[in-house]
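Structure first, commentary second.
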Amino acid sequence: MPGEIAAAAVGTAEDKVGSVSANRYAEIVAELRELVKTASRILFKVGDYALEIEPMREHGGAVPADGLCTVKDSLFRLAEDIGMSYYTVKQARQTASKWPKEHRVEEVSFAVHNILASIADEEERFATILTPPRGKPRWTPDEAKRRTGRQVDKPVTPQEKVRAAADDAS
């Protein structure tokens, strides 16, 4: 990966990405990729602990009759106690439940794991994350959204652009 960043940085002295040189951009990307790995590990850890507190239940599972907290109550309390939003804790729990530790890919962000978690078939989901899209060096959130049929953030194909325009109009 560092080699591909360096290769992307090769060019003339005037080559810039935003306000920085291509070389500085490559340095920033390398450092941020490491931080994204750390952030992903943290979010998976939050999800794993949330699963320990509230294991996944069947949809529409029984509400505790003995006065115990609901899943939402427990996750809300956890979120408040650690200073995160309820939504973040809920999402981390859901994503962790779909990605057992042995199937998590360190080089793939939590965001991509979260998007690919919507692939219902476990074997397909686990195989998918190991194979970046054709012609791409790695998974990105938009590529994961394409794979799962969701609207991308940066439409490229005519169909994606039409869908984005329709979403903007509604």
Side-chain angles (χ1 to χ4, degrees), residues 1-10 17-18 22 25-52 54-61 71-72 75 79 84-170:
M1 280 187 242
E4 73 190 38
I5 298 169
V10 174
V17 177
Y25 179 80
E27 292 170 359
I28 291 168
V29 168
E31 183 174 341
L32 289 176
R33 282 188 183 160
E34 290 304 312
L35 291 173
V36 167
K37 285 182 191 178
T38 300
S40 293
R41 283 192 301 270
I42 290 167
L43 287 169
F44 270 121
K45 185 61 84 174
V46 169
D48 290 338
Y49 281 135
L51 278 170
E52 183 179 338
E54 285 292 351
M56 298 305 286
R57 302 177 186 174
E58 295 284 327
H59 185 69
V71 172
K72 184 174 184 176
L75 296 182
M84 294 184 100
S85 74
Y86 164 75
Y87 175 79
T88 300
V89 171
K90 178 182 168 188
Q91 184 179 54
R93 174 179 170 261
Q94 178 66 31
T95 302
S97 77
K98 297 290 187 170
W99 293 101
K101 291 177 186 175
E102 65 272 14
H103 292 287
R104 298 172 188 173
V105 179
E106 186 177 88
E107 291 76 27
V108 178
S109 71
F110 183 86
V112 169
H113 280 85
N114 180 50
I115 295 163
L116 294 178
S118 67
I119 298 173
D121 181 82
E122 273 189 354
E123 287 184 32
E124 180 184 352
R125 181 170 61 246
F126 299 154
T128 297
I129 202 161
L130 295 174
T131 310
R134 185 180 315 270
K136 304 287 182 171
R138 77 184 42 76
W139 280 103
T140 65
D142 268 359
E143 291 298 335
K145 288 176 182 178
R146 283 186 184 96
R147 171 61 181 79
T148 58
R150 293 170 52 183
Q151 177 62 43
V152 297
D153 294 325
K154 185 177 180 186
V156 176
T157 68
Q159 183 180 11
E160 290 172 350
K161 291 176 182 180
V162 167
R163 185 173 173 191
D167 286 350
D168 288 344
S170 57

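Computed from a prediction, not measured in an experiment: that's the story for all the values here.
Residue pairs that meet the ring-ring contact (aromatic ring centres under 6.0 Å, His included) test with at least one member in residues 136-169, sequence neighbours left out, do not exist here. Here salt bridge (Lys or Arg N to Asp or Glu O under 4.0 Å) pairs that include residues 152-164, with residues two or more places apart or in two chains, are Lys145-Asp153, Arg146-Glu160. The ring-ring contact (aromatic ring centres under 6.0 Å, His included) pairs that include a residue from residues 89-109 are Trp99-His113, Trp99-Phe126, His103-Phe126, where partners are two or more places apart or lie in different chains.
When side chains are defined from C-beta on, Thr88 counts as touching Leu43, because their heavy atoms get closer than 4.5 Å. The shortest distance between side-chain heavy atoms of Lys90 and Val71 does not fall below 4.5 Å. Side-chain contact between Val108 and Arg138 is absent, with no heavy-atom pair separated by less than 4.5 Å.
Partners of Thr140 according to the side-chain contact (heavy atoms from CB on, under 4.5 Å) rule, which considers only residues two or more places apart in sequence or in another chain, are Asp142, Glu143. By the salt bridge (charged side-chain N to carboxylate O under 4.0 Å, His left out) test, Glu124 pairs with Arg147, sequence neighbours left out. Residues satisfying the side-chain contact (heavy atoms from CB on, under 4.5 Å) test with Ser118, not counting sequence neighbours, are Thr148.
Scanning both residues, Val89 and Ala50, for their nearest heavy atoms gives CG1-CB, 4.1 Å. Summarising the geometry of Asp48 relative to Ala96, their closest heavy-atom pair is OD1-CB, 3.5 Å, with the distance given to 0.1 Å. Contact between Arg93 and Pro55 at its shortest, heavy atoms only, is NH2-O, 3.2 Å. Nearest heavy atoms, Pro137 versus Pro132: O-CG, 3.9 Å.
Within the model, atoms CE of Met84 and CD of Gln91 stand 10.0 Å from one another, a figure rounded to the nearest 0.5 Å. Rounding to the nearest 0.5 Å places OG of Ser40 at 11.0 Å from CG of Leu35.
Judged purely by distance below 3.5 Å, without hydrogens or angles, the side chains of Arg41 and Thr38 pair a donor atom with an acceptor atom.
Side chain of Thr95 to main chain of Asn114: no donor-acceptor pair is present (N/O by atom type, distance under 3.5 Å, no hydrogens or angles). Judged by distance alone, with hydrogens and angles left aside, the side-chain atoms of Arg125 form a donor-acceptor pair with the main-chain N or O of Ile119 at under 3.5 Å.
Judged by a 6.0 Å distance limit and a 45° cone about the ring axis, Lys101 is not positioned over the six-membered ring of Phe44.
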